[in-house]
Structures are given as C-alpha cells and as structure tokens.
Amino acid sequence: ELPLHDLYRKYLLSAIIGYYRRLAGEEESTQCECSYLLTLDIQAMTRKERLLVCETLISQNYLEEAYGILKEYGCEGMDVGRLFKLCSKMVLQQMFDQDPFLMGLSCQVFSQGKADSVILDYLCEHYNGGSDFMYKLLTQSVSARVETYDLEERLLCQMMFSGKTEHLDQTFLLYSSRKRMSETVVKAYFTVKSIGYFLKGETADQNVFAYLEATVNRMDDMEKAPVIYLLALTLYYSRCRELKDDQKALLKRMTDLLIREGLIFPYTKELARFVPVPQDVMDKAMICYEGNKDDQLELKIRILPDEEEFHGEEFRRVFQGIFVCSKVLFEGETMEYQVFLQDGGKPRMAAQGKVSCQLSDPTL
C-alpha cells in the first residue's frame, strides 16, 4: 500500500510469489499456508508468475482457485505434474461432467504421457477429435483396462467417413472383441474394405472374404446383395488357385448376375477356370482403365496389322471409375490403344498400350 515505484512493486510481487513457491516445495506432502496468494492482483502478474502461483495453489489443494486462474489466463508452460494432479482431481470433483477447458487440459496431460485411469476414463467418454489421437487413447485405455464407452464405434465411424483408415483394421478388431456391435457399422466397415480391395488395390485379410461369403450366401435373392461385395469376392476368387465346391456354387450365382448386369472386367475371363463363362466374353480382348467416375475420356484404337490410323471407340464406364472396352480379335491381331483425359479443356494422354486375345492381365 506504500507509494512504491511500479518497477519496485513488481519486484516485490515476484519475490512474494517465489517465496510461497519455495515454501510449498516440490513434495506433495509439504504443507504451507498460501491463501495470501489469493489476495494478490492476478492481472498484474506476468504469465510465468501466474503459473508459479497456480503450481503453488495446486500443491496445497486450492484446486478450484487454480483452475479458475488457468481457465482465464491459459496454462501454456505449466508443469505437467501439477497439471496432472489438477485434471485428475477436477474430473472427480465435477463427477465426469463434460467441460471444454478441462477436456483441453486432460488432452494436454495425456499427450505428455501423464494420464491416469481417471483422465483416460474421462477422455474416452467425451473426447472427439483427430483419429490418431483417438486411436492412441483407445489402445492405451484398453491396456489400462479402462472403460472405453463407445470410443471404438465413434473412432471407426470417423475413420470411414474421413477416409483416414491407417488403423481401421486394428480398431475394428478391438470393437468386435470388446463391444456389442452395430450391424450398420459392421456393414459399413466391410463395404469400405471391399471398396479398398476392388477399386484401390488394397490388401484384405481372410476375415473380410469370410464375411463376404457368409453374407452373400445367406441371401436367397442375389440381386439384393451389395454390388461391391460381389465384385470384391469374385475378384478374390479369380486370384485363388483352387476353390471348394460350395465356393464354386456361390461364384456361379455371382458371375451369372454380374454378367447379366454388364459388369464384365478383364478378370471375369479368369473365372472360367472354376465356372462357365459365356463364349462371347471369352472371345473378346479388353482394355480397362481405372480413374475417376467423372473423368471425361476418349479412347482411340487401331487393330494391327490391318489398320494404320487410330480411330475413336466407345469407352464404357462399367463401375465407378472403371472404364472397359471389349473387342473381338482374331488370331494374330493386336489392338493398340490410347486413352486421353480432358485436363482443363485440353486432352492429355493418360494411358497407352496394346492387347491381344492371349493377354493375361490387361488391367492398367
């Protein structure tokens, strides 16, 4: 209260804060009376001084007071050990009710590897954010045997919606082994896996194809089966060395439907090793281009040795971004092709090559 110079007053304030911080010590068991700190002008302090005050208050269990200061002025640079104590106690004190600021503090503590079962439980129940963070939270909570609520399902849905599927399979495995599964989420997962396998060339484990087999087999009306299931499963069968009798029977039903619907691809000819494929399909050489379904393409071909000039040919979009052209070629003939993609109004060559009746794998 004396008429001190501002610089000297700030110096005294810093000295008082440092005194109480030293008095509280580093040990949680150290007891000191630090209520005087609550009478000081928090706004007049520097950021570092406010953090020291909060650390002192937390060590002496003035949790609500410290929480209020941090909520108003921020906690950047706060000692993570003190922050951990504050979060854990405040979660219990608030009966796990969701609080955005407390959520942020808890995330910070978790990111620095200090979370206990209380904080993990709180985050599992309420946190929604980045998939990488949620996956790390999930795996650590499972290891700590903490209740994860619906975190597995929320994370699965987010991964599938966002397309960030790096840990999708591991998350689904945890989901299927620990929780009662939603039929909608399960269908969505296997649809994503089928799309990845058929359209993107991704690998898939045997559990995916076992599920597809079981699902399609249960359907009396094959037309009600998701088309992507049929495509992924028939593509998988085309790459198998051998099939069981029940698989061949299922493959015949699927192949008949796909051919009837015009969903014919180069791999369709490979299925003739197991089931009958119409001769008009087997007699044709196929050009297959995989792009985007909205691509504007122009296909030019010439059949050697008779044709010297390229000419336009129909290039039909068969499924999503897959375009196929089928032509009957006679022995000794070769079909050269060029695929042009409209890029900013100008045609750009996207692919070129040649096929013949003996082509084993014409897919680009």
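The figures that follow rest on heavy atoms only: side chains count, while hydrogens, waters and symmetry mates do not.
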Original post:
Between Cys240 and Phe274, which heavy-atom pair has the shortest distance, and what is it?
Top reply: O-CZ, 3.4 Å
**OP:** Go through Phe265 and Phe319 one step at a time and tell me if the ring pair (Phe, Tyr, Trp, His ring centres under 6.0 Å) criterion holds.
**Re:** CA-CA 10 Å; Phe265 306 89; Phe319 183 79; 7.2 Å; no
Original post:
How far apart are the closest heavy atoms of Cys34 and Leu57, and which atoms are they?
Top reply: SG-CD2, 4.1 Å
Subject >> Close side-chain approach of Leu70 and Leu83, heavy atoms under 4.5 Å >> reply: yes
Original post:
Any sub-3.5 Å donor-acceptor pair from Glu307's side-chain atoms to Ile303's backbone N or O?
Top reply: yes
Please tabulate, for side-chain N and O atoms in residues 291-301, each donor-acceptor pair with protein atoms closer than 3.5 Å (sequence neighbours left out).
unit_1: Asp295; atom_1: OD2; unit_2: Asn292; atom_2: N; d: 2.8

Original post:
Are Ile264 and Ser326 side-chain neighbours, meaning at least one heavy-atom pair lies under 4.5 Å?
Top reply: no
Subject >> Flag, side chain of Arg302 to backbone of Glu308, donor-acceptor distance under 3.5 Å >> reply: yes
**OP:** Evaluate side-chain contact (heavy atoms from CB on, under 4.5 Å) for Ile287 paired with Val324, printing each intermediate quantity in order.
**Re:** CA-CA 6 Å; Ile287 300 169; Val324 176; over 6 Å; no
**OP:** With rounding to the nearest 0.5 Å, note down the distance linking CZ in Phe110 to CG in Leu137.
**Re:** 5.0 Å
Original post:
Ser131 and side-chain hydrogen bond (donor to acceptor under 3.5 Å, both in side chains): which partner among His167, Lys136, Gln158?
Top reply: Gln158
Subject >> Check: Glu49 side chain, Ile17 main-chain N or O, donor-acceptor pair, under 3.5 Å >> reply: no
Subject >> Pair Leu138-Leu174, side-chain contact (heavy atoms from CB on, under 4.5 Å): steps then yes or no >> reply: CA-CA 9 Å; Leu138 174 61; Leu174 289 173; 3.7 Å; yes
Original post:
Hey, are Glu65 and Arg50 close enough for a salt bridge, meaning a charged N less than 4.0 Å from a carboxylate O?
Top reply: no
Subject >> Lys10, NZ atom: more than 12 neighbouring heavy atoms under 6.0 Å >> reply: no
Original post:
How many angstroms lie between CD in Glu336 and CG in Leu304, if you round to the nearest 0.5 Å?
Top reply: 4.5 Å
Subject >> Ile259 reachable from Met282 in the ILVMFWY side-chain graph, under 4.5 Å edges >> reply: yes
Original post:
Atom CG of Leu231 and atom CE of Met254: how far apart are they, to the nearest 0.5 Å?
Top reply: 9.5 Å
Original post:
Among the clusters formed by ILVMFWY side chains lying less than 4.5 Å apart, do Val277 and Met222 turn up in the same one?
Top reply: yes
Subject >> Inter- and intrachain pairs under side-chain hydrogen bond (donor to acceptor under 3.5 Å, both in side chains), touching residues 104-120, at least two apart >> reply: Ser88-Asp116
Original post:
Once you round to the nearest 0.5 Å, how far does CZ of Phe84 lie from CG of Asp79?
Top reply: 12.0 Å
**OP:** Report the C-alpha distance between Asp99 and Tyr122 in whole Å, list the side-chain angles of each, state the deciding distance to 0.1 Å, and finish with yes or no for side-chain contact (heavy atoms from CB on, under 4.5 Å).
**Re:** CA-CA 10 Å; Asp99 179 329; Tyr122 179 68; 3.9 Å; yes
Original post:
Considering all heavy atoms of both residues, which atom of Tyr127 and which atom of Arg154 are nearest to each other, and what is their separation?
Top reply: O-NH1, 2.6 Å
Original post:
Do any N or O atoms from the side chain of Thr39 and from the backbone of Tyr36 form a donor-acceptor pair under 3.5 angstrom?
Top reply: yes
Subject >> From CA spacing to verdict: side chain to side chain donor-acceptor pair (under 3.5 Å), Ser35, Glu33 >> reply: CA-CA 6 Å; Ser35 59; Glu33 177 53 53; 2.4 Å; yes
Original post:
So if you build clusters from Ile, Leu, Val, Met, Phe, Trp, Tyr with side-chain heavy-atom gaps below 4.5 Å, do Leu212 and Met219 land together?
Top reply: no
Original post:
Hey, are the side chains of Arg253 and Leu250 touching, using non-hydrogen atoms and a 4.5 Å cut-off?
Top reply: yes
**OP:** For Gln247 and Tyr237, work out which heavy atoms get closest and say how close.
**Re:** CG-OH, 3.7 Å
Subject >> pair Met45-Ile42: side-chain heavy atoms closer than 4.5 Å >> reply: yes
Original post:
Does Arg82 reach the main-chain N or O of Leu52 with its side chain, forming a donor-acceptor pair under 3.5 Å?
Top reply: no
Subject >> Within 6.0 angstrom of Phe96 CZ, more than 12 heavy atoms from elsewhere >> reply: yes
Original post:
Mind checking whether Leu92 and Leu102 sit in one hydrophobic cluster, side chains of I, L, V, M, F, W, Y counted as touching below 4.5 Å?
Top reply: yes
Subject >> Lys89 side-chain N/O to Leu63 backbone N/O, donor-acceptor pair under 3.5 Å >> reply: no
Subject >> Asp256/Lys252 salt bridge by N-O under 4.0 Å criterion >> reply: yes
Original post:
At what distance, to the nearest 0.5 angstrom, does OG1 of Thr165 lie from CG of Leu156?
Top reply: 11.0 Å
**OP:** Assess the side chains of Asn217 and Glu213: does a donor N or O sit below 3.5 Å from an acceptor N or O?
**Re:** no
**OP:** Could you give me the CA-CA distance, side-chain angles and deciding distance for Met181 and Ser176, then say whether side-chain contact (heavy atoms from CB on, under 4.5 Å) is met?
**Re:** CA-CA 6 Å; Met181 295 186 291; Ser176 61; 3.4 Å; yes
Original post:
Taking the six-membered ring of Tyr229 as reference, does the NZ or CZ atom of Lys187 fall below 6.0 Å from its centre and within a 45° cone about the axis?
Top reply: no
Original post:
Can you list every ring-ring contact (aromatic ring centres under 6.0 Å, His included) pair that touches residues 57-82, not counting sequence neighbours?
Top reply: Tyr67-Phe101
**OP:** On the 0 to 90° scale, with breaks at 30° and 60°, tag the Tyr189-Phe172 ring pair as parallel, tilted or perpendicular.
**Re:** parallel
**OP:** Using modelled atom types only, decide if a donor and an acceptor are shared between the side chain of Arg47 and the backbone of Glu76 within a distance under 3.5 Å.
**Re:** yes
**OP:** Drop me the distance from Ile228's CD1 to Leu233's CG, to the nearest 0.5 angstrom.
**Re:** 11.0 Å
**OP:** Among residues two or more places apart or on two chains, list those pairs meeting side-chain hydrogen bond (donor to acceptor under 3.5 Å, both in side chains) that have a residue in residues 192-206.
**Re:** Asp169-Lys193, Tyr197-Arg239, Gln206-Tyr236
Subject >> Proximity of Phe310 and Phe340 rings by center, below 6.0 Å >> reply: no
Original post:
Can you find a pair of side-chain heavy atoms, one from Leu51 and one from Arg21, that are under 4.5 Å apart?
Top reply: no
Original post:
Going by heavy atoms in the side chains, are Leu243 and Arg273 under 4.5 Å from each other?
Top reply: no
Subject >> Other ILVMFWY residues reachable from Val328 by side-chain steps of under 4.5 Å >> reply: none
**OP:** With the side chain counted from C-beta on, respond yes when Val355 and Lys327 share a heavy-atom pair under 4.5 Å apart, and no when they do not.
**Re:** no
Original post:
Partners of Arg178 by side chain to side chain donor-acceptor pair (under 3.5 Å), sequence neighbours excluded?
Top reply: Thr148, Glu152
Original post:
What are the two closest heavy atoms between Val318 and Leu263, and how far apart are they?
Top reply: O-CD2, 3.4 Å
Original post:
Hey, quick one: are Leu151 and Tyr149 part of the same hydrophobic cluster, counting side-chain heavy atoms closer than 4.5 Å, chains of contacts allowed?
Top reply: no
Original post:
Which atoms form the tightest heavy-atom contact between Cys54 and Met78, and what is the distance?
Top reply: CB-CE, 3.9 Å
Subject >> Any side-chain heavy-atom pair of Val53 and Leu40 under 4.5 Å >> reply: no
